[in-house]
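The first residue of the sequence shown is numbered 1, and numbering continues consecutively from there.
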Amino acid sequence: MAAYPTAIFPSSQEAQTSPTPAAEQPPVLCLKCGKSYLRQQEVERHLMSCHLPDWIGCPYPHCFWRHDRTEEFKKHLLKTHSCNLSDLEKKQYEIYDRDYILQFILDQRQSVDKVAGYALNFVGERARELGKGEWLNDLWGRPGKGARCLNATATTTTSLQVA
């Protein structure tokens, strides 16, 4: 019988001396509002839903739906257009690259407000590319979303520059 690497299957003694449980680890804080979370993933979801504009947009003509969660997009596609996410390429529905934008915040190269301004510019550019003029009325994506960001940034045209 082959021996399994202990990194995947720890011995019973290693399992008893496992790393600190998540509840005992220091919280991860939002760099914008200071709200604390147990996991980095939760902070990223918070940033996307509260401090950055929606990054997913429905590519179908005359449909102005936008959101920041892929699961919601899947529901929208099925209910409204009777199709699945697998029927589309990411570049068809991605308004801006959320991972790229998040990384600027998480690496602390730029403030959340400044990065939100960049993302808002990307939304405006993409709206014009796709002929989605309705998006220009609310670059954030959903009523009240921009208002959640206490210091909403100006949407002057600018470009990301690595510090």
Side-chain angles (χ1 to χ4, degrees), residues 8 22-23 25 27-162:
I8 297 172
Q25 292 182 3
V28 182
L29 301 176
C30 171
L31 296 170
K32 169 71 176 157
C33 66
K35 193 169 181 180
S36 68
Y37 296 89
L38 294 178
R39 298 180 306 154
Q40 182 68 31
Q41 177 185 347
E42 293 169 330
V43 171
E44 292 173 14
R45 185 173 51 233
H46 164 75
L47 284 166
M48 292 308 303
S49 65
C50 294
H51 302 302
L52 294 169
D54 291 339
W55 67 278
I56 301 170
C58 186
Y60 284 90
H62 312 293
C63 184
F64 302 105
W65 185 96
R66 286 187 288 162
H67 211 284
D68 59 74
R69 301 239 177 121
T70 307
E71 287 305 313
E72 293 301 318
F73 185 42
K74 289 177 184 177
K75 291 176 192 175
H76 165 77
L77 287 173
L78 194 58
K79 181 178 176 183
T80 309
H81 305 292
S82 301
C83 72
N84 295 306
L85 185 60
S86 60
D87 298 334
L88 300 171
E89 292 181 38
K90 190 174 183 180
K91 65 182 178 184
Q92 290 178 282
Y93 61 84
E94 183 179 69
I95 299 171
Y96 63 88
D97 186 335
R98 74 177 281 281
D99 295 331
Y100 179 71
I101 287 291
L102 274 174
Q103 206 55 55
F104 268 82
I105 296 169
L106 299 174
D107 290 348
Q108 298 183 23
R109 288 184 271 176
Q110 299 286 338
S111 70
V112 175
D113 286 338
K114 190 154 194 113
V115 174
Y118 300 146
L120 289 167
N121 286 328
F122 291 145
V123 172
E125 288 174 21
R126 191 78 167 127
R128 286 184 280 284
E129 283 174 16
L130 299 175
K132 303 262 186 180
E134 183 70 25
W135 290 0
L136 297 171
N137 296 331
D138 179 10
L139 294 174
W140 288 92
R142 287 173 293 175
K145 184 168 187 177
R148 286 186 239 159
C149 184
L150 300 175
N151 298 318
T153 16
T155 59
T156 56
T157 305
T158 186
S159 61
L160 283 176
Q161 296 181 359
V162 179

field: Rounded distance [0.5 Å steps], CG in D113 versus CD1 in I105
entry: 9.5 Å

Name every donor-acceptor pair, under 3.5 Å, that has one atom in a side chain of residues 80-92 and the other anywhere in the protein, sequence neighbours excluded.
{"unit_1": "T80", "atom_1": "OG1", "unit_2": "H76", "atom_2": "O", "d": "3.2"}
{"unit_1": "T80", "atom_1": "OG1", "unit_2": "H76", "atom_2": "ND1", "d": "3.3"}
{"unit_1": "H81", "atom_1": "NE2", "unit_2": "H76", "atom_2": "NE2", "d": "3.2"}
{"unit_1": "D87", "atom_1": "OD2", "unit_2": "N84", "atom_2": "N", "d": "2.9"}
{"unit_1": "Q92", "atom_1": "OE1", "unit_2": "E89", "atom_2": "N", "d": "2.7"}

query: Is any side-chain heavy atom of K132 less than 4.5 Å from a side-chain heavy atom of R126?
result: no

field: Side chain to side chain, E72 and I56, heavy atoms closer than 4.5 Å
entry: no

query: What closest approach, in Å, do W135 and V123 show between heavy atoms, and which atom pair accounts for it?
result: CE3-O, 4.4 Å

- request: Please name the pair of heavy atoms, one in W140 and one in L52, separated by the smallest distance, quoted to 0.1 Å.
  value: CZ3-C, 3.6 Å

field: Pair Y100 and F104, ring centroids less than 6.0 Å apart
entry: yes

- request: Scan L120, I95, I101 and name whichever one has a side-chain contact (heavy atoms from CB on, under 4.5 Å) with P53.
  value: L120

query: Given side chains that start at C-beta, do those of Y60 and L77 come closer than 4.5 Å, heavy atoms only?
result: yes

Residue pair C30 / L47: nearest heavy atoms and the distance that separates them: SG-CD2, 3.9 Å

- request: Can you measure from CZ (R128) to CG (L136) and round to the nearest 0.5 angstrom?
  value: 5.5 Å

- prompt: Distance from D54 atom CG to W65 atom CH2, nearest 0.5 Å?
  reply: 7.5 Å

field: Value rounded to 0.5 Å, distance of CG in L102 from CZ in R98
entry: 5.0 Å

query: Could you go step by step and tell me if R109 and Q103 meet the side chain to side chain contact (heavy atoms under 4.5 Å, CB included) rule?
result: CA-CA 9 Å; R109 288 184 271 176; Q103 206 55 55; 4.0 Å; yes

task: Of all the heavy-atom pairs spanning F73 and C58, show the shortest one and how long it is.
output: CE1-CA, 3.9 Å

statement: Between H46 and C33, the two heavy atoms sitting closest are NE2-SG, 3.3 Å

Stepwise side chain to side chain contact (heavy atoms under 4.5 Å, CB included) check, V28 with E42: CA-CA 9 Å; V28 182; E42 293 169 330; over 6 Å; no

- prompt: What pairs with F64 under ring pair (Phe, Tyr, Trp, His ring centres under 6.0 Å), at least two apart in sequence or on another chain?
  reply: none

- line: SG (C50) and NZ (K32) are apart, to the nearest 0.5 Å, by 11.5 Å

- prompt: Minimum heavy-atom separation for D68 to S49, with atom names?
  reply: OD2-CA, 3.6 Å

- prompt: To the nearest 0.5 Å, what is the distance between CZ (R69) and CD (E71)?
  reply: 10.0 Å

task: Mind running side chain to side chain contact (heavy atoms under 4.5 Å, CB included) on W55 and M48 for me, showing each step along the way?
output: CA-CA 8 Å; W55 67 278; M48 292 308 303; 3.3 Å; yes

